[in-house]
Amino acid sequence: IRIFALAMHSVRLRRLWKAAQPARVSANVLAALQTVRGGSVRICTTAQLDRPSVIGFLAPRVLIPEWLIGRLTAGELEQIVQHEAEHLRRFDDWTNLLQKISLVLFPLNPALAWMEHRLCREREMACDEGVVRITNAPRAYAAGLASLAEQGLERKAEALSLGACRNR
């Protein structure tokens with residue numbers, strides 16, 4: 001089951017990578033990616049994701065949801081790109097792949113599943129710390145994260161209200 005899920009997830013990520021459209025962003029935002037993996041990282045938009053992500057091993061792309069990119073300030077977009085760049089600097093994409101493969105090889109190991117969950121959370125916190133270290137602006141980053149969370153909640157509330165109108 002885990003092998004099948006990993007294969008399906010890989011196919012979905014490949015489709016996302018191919019369908020992503022290049023985004024027009026400022027030079028400040030692009031500067032955050034110049035030192036990462038030889039500057040080959042692209043910033044793209046997609047309608048298929050709910051939150052910013054980075055995908056791709058050899059030619060990574062930072063994906064920003066279409067619904068979100070128009071709502072972000074330049075500073076918030078820069079912080080998001082820096083966060084995703086931290087993932088690439090730390091090679092989190094490769095370590096995440098190793099984690100998933102280890103879960104395929106040892107599917108019934110509850111300690112391994114717990115460690116995988118914990119590593120995912122720690123990885124996110126380490127990238128947040130990296131952004132704060134680079135920007136030296138913890139309050140601005142916290143405000144950006146709060147704004148991102150609020151916009152995500154607003155989007156979900158809109159979806160729920162539209163669903164309520166359509167279905168009795």
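Excluded from the calculations below are hydrogen atoms, water molecules and symmetry mates; all remaining heavy atoms, backbone and side chain alike, are included.
With values rounded to the nearest 0.5 angstrom, Q21 atom CD is found 15.0 Å from I43 atom CD1. How far CD of E66 is from OG1 of T46: 6.5 Å, rounded to the nearest 0.5 Å. A distance of 11.0 Å separates CG in L77 from CG in L148, rounded to the nearest 0.5 Å. Taking CG of D93 as the reference point, atom CG of L13 lies at 11.0 Å (rounded to 0.5 Å). To the nearest 0.5 Å, the span separating NZ on K100 from CG on L6 amounts to 8.5 Å. Annotation: the span from C120 atom SG to M125 atom CE amounts to 11.5 Å, rounded to 0.5 Å.
Neither side chain, Q82 nor T135, offers a donor N or O lying under 3.5 Å from an acceptor on the other.
Here the closest heavy-atom approach between residue P65 and residue L49 is recorded as CB-O, 3.4 Å. The two residues I64 and P52 make their nearest non-hydrogen contact at CD1-CB, 4.1 Å. The two atoms that bring D50 and W67 nearest to each other are O-CZ2, 3.3 Å, heavy atoms only. The two atoms that bring R2 and L103 nearest to each other are CD-O, 3.2 Å, heavy atoms only. Taking every heavy atom of both residues into account, R61 and C44 meet most closely at CD-SG, 3.8 Å. Minimum interatomic distance between P60 and G56 (heavy atoms only, all atoms of both residues): CB-O, 3.5 Å.
Residue-environment remark: CZ (R51) stays at or below the threshold of 12 foreign heavy atoms within 6.0 Å. The 12-atom threshold is not exceeded at CD1 of I1, counting heavy atoms of other residues, nucleotides or ligands nearer than 6.0 Å.
Note on F91: it clusters hydrophobically with F57, by side-chain heavy-atom contacts below 4.5 Å among ILVMFWY residues. Residues L105 and W114 are members of one and the same hydrophobic cluster, defined by side-chain heavy-atom contacts under 4.5 angstrom among Ile, Leu, Val, Met, Phe, Trp and Tyr. Linking Ile, Leu, Val, Met, Phe, Trp and Tyr residues whenever their side-chain heavy atoms come within less than 4.5 Å places V104 and L112 in a single cluster. Transitive grouping of hydrophobic side chains (ILVMFWY, heavy atoms separated by less than 4.5 Å) keeps V62 and L97 in distinct clusters. Placement of L16 and L58 in two distinct hydrophobic clusters is found when ILVMFWY residues are connected by side-chain heavy-atom separations under 4.5 Å, directly or transitively.
Other cluster members for L145: V131, V132, Y141, joined by side-chain heavy-atom distances under 4.5 Å among Ile, Leu, Val, Met, Phe, Trp and Tyr.
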Does the pair R123 and N96 meet the rule for a side chain to side chain contact (heavy atoms under 4.5 Å, CB included), with working shown?
CA-CA 9 Å; R123 183 172 29 244; N96 188 45; 3.3 Å; yes

Is there a side chain to side chain contact (heavy atoms under 4.5 Å, CB included) between H87 and E84 once you walk through the steps?
CA-CA 5 Å; H87 282 297; E84 300 305 331; 3.5 Å; yes

Side chain to side chain contact (heavy atoms under 4.5 Å, CB included) between H83 and I80: does it pass, once the steps are laid out?
CA-CA 5 Å; H83 176 93; I80 287 171; 5.7 Å; no

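Ion pairing of R89 with E86 is present here, as a side-chain N (NZ or NE/NH1/NH2) and a carboxylate O approach within less than 4.0 Å.
A donor-acceptor distance shorter than 3.5 angstrom exists from the side chain of T95 to the backbone of D92, with no hydrogens or angles considered.
In this structure, F106 has no ring pair (Phe, Tyr, Trp, His ring centres under 6.0 Å) partners at least two apart in sequence or on a different chain.
Looking at E76 and R71, their side chains never come closer than 4.5 Å, going by heavy atoms from C-beta outward.
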